[in-house]
Amino acid sequence: MPDRSPHASIGRLVQAGIAPRRARRILREFAEHHADVVAEYLNLGLSASEAQAAANARVGSEQQLLVNLLARPDLKSWAHRQPSVAFALAPVLSFALAFVVSILALVTMVEWRKAHGDALDAASPVVQWIRGYAGFYLLWALPAAVAALLAAAAARRRETSIWPCVGIAAVCLVGALTNFSLDFSPMSNRPTMGAGIGIGTHNIVPVLLRAGSATALVLLPYLRARRRQRHEFGALV
Amino acid sequence: MSGISELLLLRLLAERQMYGYELARAVRSTTRQAITVGEGVLYPVLHSLERRGWLKARRRTVNGRTRVYYALTRGGQGHLKKITQEWRRISGGVNAALLDPRHA
């Protein structure tokens, strides 16, 4: 019955837009069904090879199953039907949401420390930590992580459209437009956090360089992975 | 045939939850071997019904083997009622035509 590599069958279903988890589940259920039919024939007194042959004849080929699955558009995933939303719009909105949530988490942490009597001057460990890591996290790690997650999801789904590349570039560009600062007022020595998104004529070159480098960092491995997938899939089919 | 498969599968699952192999056998036995839902059709239909929210699937281990059991949802019950009425209307019309074609 399994007349082709399961990897190739899953790849074919995923390429056609069926979610990877569903594709794996259908093929597993089909294989379990075949095993049940073999067991049924064995119980009837057939030899192992006869039971296998009878089960193959009754259950049919995996190829036929694939044809029937591919003929049903309702089994195609939402991401396959709306790739521009799934791979471009949603990641940009997710990044914006993650940025806002991260800022709120930082503000909450600072307020919590203040409520517990932390002085929060320039020498405070919390302030040192925010100065050391928060900027890097918000301006570099967060957009790169969101873009990398998008690339991983698109590669897993073997998405063939241009939208994951657009999404990666858009997330990295929006990420490059963000800013974060932690300043101290000379009078009070109290910290003031600032964060936002925007672009000015004075900083257009650094923004573009930041966006370009982050995009290249994520996009090149993604394109390599897609190329490898295409070769593997071509060899298996 | 896909509509008939849907109707039969939903009707059988309205009685109790079953896994694919059980369902294929149940279709054969309840239709007195008149209808066989091939395995190549069974799983695409089951997954399509699940995607539309008319079935829910749950993996359970029975006698050391894990199986995916399908059960009818509330939406599935409503859909079954609707397609059963539709089927009765159509089959009633066809039967009437077969009995007396002059009035068809």
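None of these values were measured; they are calculated from a predicted model.
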ask   = Checking Arg58(A) against chain B: side chain, backbone, both or neither under 4.5 Å from a heavy atom?
value = both

request  = Take atom CZ of Arg224(A) as the centre, draw a 6.0 Å sphere, and report whether it contains more than 12 heavy atoms from other residues, nucleotides or ligands.
outcome  = no

ask   = Could you walk me through whether Glu29(A) and Arg67(B) pass the side chain to side chain contact (heavy atoms under 4.5 Å, CB included) check?
value = CA-CA 8 Å; Glu29(A) 283 179 77; Arg67(B) 303 182 186 287; over 6 Å; no

query = Who wins among Ile18(A), Leu65(A), Ile26(A) for the most heavy-atom pairs under 4.5 Å with chain B?
reply = Ile26(A)

remark   = Greatest number of non-hydrogen atom pairs under 4.5 angstrom with chain A, of Val68(B), Leu46(B), Leu42(B), falls to Val68(B)

note = Leu75(A) and Pro44(B) have their tightest heavy-atom pair at CD1-O, 4.0 Å

request  = Determine whether more than 12 heavy atoms belonging to other residues, nucleotides or ligands lie under 6.0 Å from atom NZ of Lys76(A).
outcome  = yes

ask   = Can Arg22(A) and Glu50(B) be said to form a salt bridge (Lys or Arg N to Asp or Glu O under 4.0 Å), step by step?
value = CA-CA 11 Å; Arg22(A) 185 172 296 279; Glu50(B) 187 195 358; 3.2 Å; yes

message = Are there over 12 heavy-atom neighbours, none belonging to Arg25(B), within less than 6.0 Å of that residue's CZ?
response = no

query = Are Tyr19(B) and Glu32(A) close enough, and set up right, to give a side chain to side chain contact (heavy atoms under 4.5 Å, CB included), and what steps lead you there?
reply = CA-CA 10 Å; Tyr19(B) 57 96; Glu32(A) 285 166 358; over 6 Å; no

key: Heavy-atom side-chain contact between Glu22(B) and His33(A) under 4.5 Å   = no

task = For Asn68(A) and Gly40(B), indicate whether the former's side chain and the latter's backbone hold a donor-acceptor pair under 3.5 Å.
result = yes

ask   = For Val67(A), is it the side chain, the backbone, both or neither that has a heavy atom under 4.5 Å from a heavy atom of chain B?
value = neither

ask   = Side-chain contact, heavy-atom cut-off 4.5 Å: Arg25(A) with His47(B)?
value = yes

key: Any donor-acceptor N/O pair, Arg51(B) side chain to Asp74(A) backbone, under 3.5 Å   = yes

key: Side-chain heavy atoms of Glu39(B) within contact of Gln64(A), under 4.5 Å   = no

inquiry  = Take a 6.0 Å sphere around CZ of Arg81(A) and say whether it holds more than 12 heavy atoms from other residues, nucleotides or ligands.
reply    = yes

